[in-house]
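Worksheet for the structure shown next.
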Amino acid sequence: MKVKKVIVTGGTGFIGSHTVVELLQRGYDVIIADDLSNSKASVVDRIAEITGKKPFLEVVDLSDRTACLHFFKIHSDAEAVIHFAAAKAVGESVLNPLHYYRNNLDSLLYVLEGMGQSACRKLVYSSSCTVYGQPEHLPVTEDTPRQPATCPYANTKRISEDILADMVHGDEARRAKGEGMEGDNPWKILALRYFNPIGAHASALIGELPNGVPNNLMPYITQTAAGLRPCLQVFGDDYDTPDGTPIRDYIHVCDLAEAHVAAMEYLDKPGFEGIDFFNLGTGTGYSVLEVIQSFERATGQKLNYKIVGRREGDIEQIWANTDKANRLLGWKAHRGLDEMTLSAWKWQENLQKKA
Ligand code: WQD
């Protein structure tokens, strides 16, 4: 059966909220499951302002097995799940690893168990380019070997990919032995490896809401330009890159949102079953200094920054080969770096107005 109703876990978060907007605009019904640990319930009102439709929000902690299974029982008519809900701060995961393993892995296991109770077997999972570590060859394809994780957060993504692959394999093995349950559909899973999502919706009504001091480059830039932080520290200019600063594949969050809908629709393609992996990036890498230049050019703001020492655990450079996603999902990121930095700034300005 084609997907009509979708459960989006973490749907009030940064990437989740933009994906919910895209789903509603394409006519899907959306149920959000979120514990609001790193987002606000009012995001659903902003989503309604953009789309004219208010998604249903269930406040639930998916790492609580009883609560999670109850949630899936109530919403057993959903045909697909997009599972964003997870803790994602690299530094915090180093300080509090057990919380990260419990939160990110328990919730995945219970979501799968909840789906297993119903007929829902279609899942889009949020993975990360961190599974590649510092690759030997660039750009990275989906076949680039994964490397040991550099922090507990990244490890939860790597382990989650393994859990999904093992589950699909077990399902296939049982079917091959004729032990599949009657009427039970095979699992269809895509794990999406995000590169560096930045930017915000063009309406400036939804965007990234970091807790406390931002760890990531883009919110640090916008908060510095807004006067909330005195100065951006650029972590190292002695890398083996053209300007000495590290290179990443920054992708507009709206391009990423569109990719999730394409991925979910791909699950309905005749012949697809099992699990597959996709890189979601633009295919172009930019250095930290290039991001700063883009921000200054696009917004007309002058940014106060200084070069300091390297940040521990940072890799030098990575960007994606996106051929597989372009070809199979029929999707391509089309928003450029200036559009990313400008939209992030407009969102920051909007936040300031409300504060
Ligand atoms: C980008 C560049 C920093 C802040 C993130 C996530 C990770 C994964 C991939 C999802 C680096 C530099 C940053 C600052 C700086 N995402 N920087 N000053 O490290 O690529 O990782 O994306 O799974 O979990 O954390 O992104 O935005 O932190 O850094 O100079 O104040 O900006 O050194 O080169 P990163 P980032």
Side-chain angles (χ1 to χ4, degrees), residues 10 13-16 38 83-94 100 104 125-135 138 140 146-147 149-161 191-199 208 210-225 228-253 256 277-282 285-295 303-320 337 340-341 344:
F14 176 40
I15 309 173
N38 196 18
H83 182 42
F84 291 105
K88 60 167 187 179
V90 171
E92 188 185 57
S93 80
V94 173
Y100 270 70
N104 293 5
Y125 177 72
S126 305
S127 190
S128 162
C129 69
T130 54
V131 298
Y132 297 119
Q134 177 59 68
L138 288 165
V140 289
R146 297 183 312 164
Q147 310 244 0
T150 51
C151 68
Y153 160 73
N155 210 19
T156 66
K157 292 295 162 186
R158 189 184 154 93
I159 295 170
S160 295
E161 285 193 353
L192 307 180
R193 293 173 175 159
Y194 310 150
F195 283 68
N196 287 54
I198 60 170
E208 194 171 3
N211 246 342
V213 183
N215 296 302
N216 297 115
L217 179 63
M218 198 66 237
Y220 211 106
I221 289 178
T222 57
Q223 290 195 8
T224 305
L228 300 174
R229 316 264 159 221
C231 180
L232 168 78
Q233 297 189 319
V234 174
F235 298 133
D237 68 348
D238 56 351
Y239 287 94
D240 188 13
T241 61
D243 67 19
T245 63
I247 293 175
R248 299 286 185 274
D249 187 338
Y250 297 93
I251 175 168
H252 197 297
V253 67
L256 207 52
F277 300 84
F278 286 93
N279 286 343
L280 295 184
T282 64
Y286 290 104
S287 73
V288 175
L289 291 181
E290 284 175 318
V291 175
I292 294 172
Q293 285 153 12
S294 159
F295 178 82
L303 190 75
N304 191 24
Y305 71 90
K306 67 166 185 247
I307 311 284
V308 299
R310 292 183 178 196
R311 180 171 73 176
E312 201 190 332
D314 265 349
I315 60 158
E316 182 171 273
Q317 47 188 323
I318 187 165
W319 64 93
L337 185 60
M340 300 185 215
T341 54

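Counting starts at 1 for both ligands and their atoms, in listed order. The structure displayed is predicted, hence computed values, not measured ones. All values below come from the heavy atoms of this structure, side chains included, with hydrogens, waters and symmetry mates left out.
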| query | Between Tyr125 and Ser160, do the side chains contain an N or O donor and an N or O acceptor separated by less than 3.5 Å? | reply | yes
| Is any side-chain heavy atom of Leu138 less than 4.5 Å from a side-chain heavy atom of Trp319? | yes
| Top protein contact for atom 16 (N) of ligand 1, by heavy-atom distance | Ser128 OG, 4.0 Å
| ligand 1 versus Val90, non-hydrogen atoms closer than 4.0 Å: side chain, backbone, both, neither? | side chain
| note | Closest to atom 14 (C) of ligand 1 among protein heavy atoms sits Phe235 CE1, 3.3 Å
| said: Under 4.0 Å from a heavy atom of Asn215: which atoms of ligand 1 are those, numbered in the order shown and with their elements? | reply: 4 (C), 28 (O)
| Does a sphere of radius 6.0 Å around CG in Asp240 hold more than 12 heavy atoms from other residues, nucleotides or ligands, not counting ones at 6.0 Å or beyond? | no
| Does the N or O separation between Tyr220 and ligand 1 drop below 3.5 Å for any pair? | no
| request: Name the closest protein heavy atom to atom 36 (P) of ligand 1, giving the residue it belongs to and the distance to 0.1 Å. | output: Asn216 ND2, 3.5 Å
| message | Looking only at protein heavy atoms, which one is nearest to atom 1 (C) of ligand 1, and what is the separation? | response | Tyr250 OH, 3.4 Å
| message | I need the atoms of ligand 1 closer than 4.0 Å to a non-hydrogen atom of Leu232, numbered in the order shown. | response | 14 (C), 18 (N), 31 (O)
| query | Looking just at side-chain N and O atoms, do Ser287 and Thr241 make a donor-acceptor pair shorter than 3.5 Å? | reply | no
| Leu280 and Pro197, any side-chain heavy atoms less than 4.5 Å apart | no
| field | Polar proximity ligand 1 side, Met218 side, N/O cut 3.5 Å exclusive | value | no
| Closest protein heavy atom to atom 12 (C) of ligand 1, given as residue, atom name and distance to 0.1 Å | Val288 CG2, 3.8 Å
| task | Enumerate the atoms of ligand 1 whose separation from the nearest heavy atom of Gln233 is less than 4.0 angstrom. | result | 14 (C), 15 (C), 18 (N), 30 (O), 31 (O)
| query | Would you say the side-chain atoms of Asn38 pair up with the backbone N or O of Gly13, donor to acceptor, closer than 3.5 Å? | reply | no
| So, Asp237 and Thr245: side-chain donor and acceptor under 3.5 Å apart, yes or no? | no
| field | Protein heavy atom at shortest distance from atom 8 (C) of ligand 1 | value | Thr130 CG2, 3.6 Å
| field | Nitrogen or oxygen of Tyr194 less than 3.5 angstrom from that of ligand 1 | value | no
| request: Taking the side chain as every heavy atom from C-beta outward, state whether Thr222 and Glu208 have any pair of such atoms under 4.5 Å apart. | output: no
| said: I'd like to check which ligand 1 atoms, numbered from 1 as shown, lie under 4.0 Å from a non-hydrogen atom of Val234. | reply: 30 (O)
| Side chains of Thr224 and Tyr305: donor-acceptor distance under 3.5 Å anywhere? | no
| query | If you measure from OH on Tyr194 to CG on Asp249, what distance do you get to the nearest 0.5 Å? | reply | 14.5 Å
| task | Would you check the N or O atoms of Arg248, main chain and side chain alike, for any that come under 3.5 Å of an N or O of ligand 1? | result | yes
| Of the protein's non-hydrogen atoms, which lies at the shortest distance from atom 22 (O) of ligand 1, and what is that distance? | Asn196 ND2, 3.4 Å
| Any side-chain donor-acceptor pair under 3.5 Å between Tyr153 and Glu92? | no
| request: For Leu217, take its heavy atoms, then give the atoms of ligand 1 lying under 4.0 Å from any of them. | output: 4 (C), 13 (C), 15 (C), 17 (N), 27 (O), 32 (O), 36 (P)
| Nearest protein heavy-atom contact for atom 19 (O) of ligand 1: which residue, which atom, what distance? | Arg311 NH2, 2.9 Å
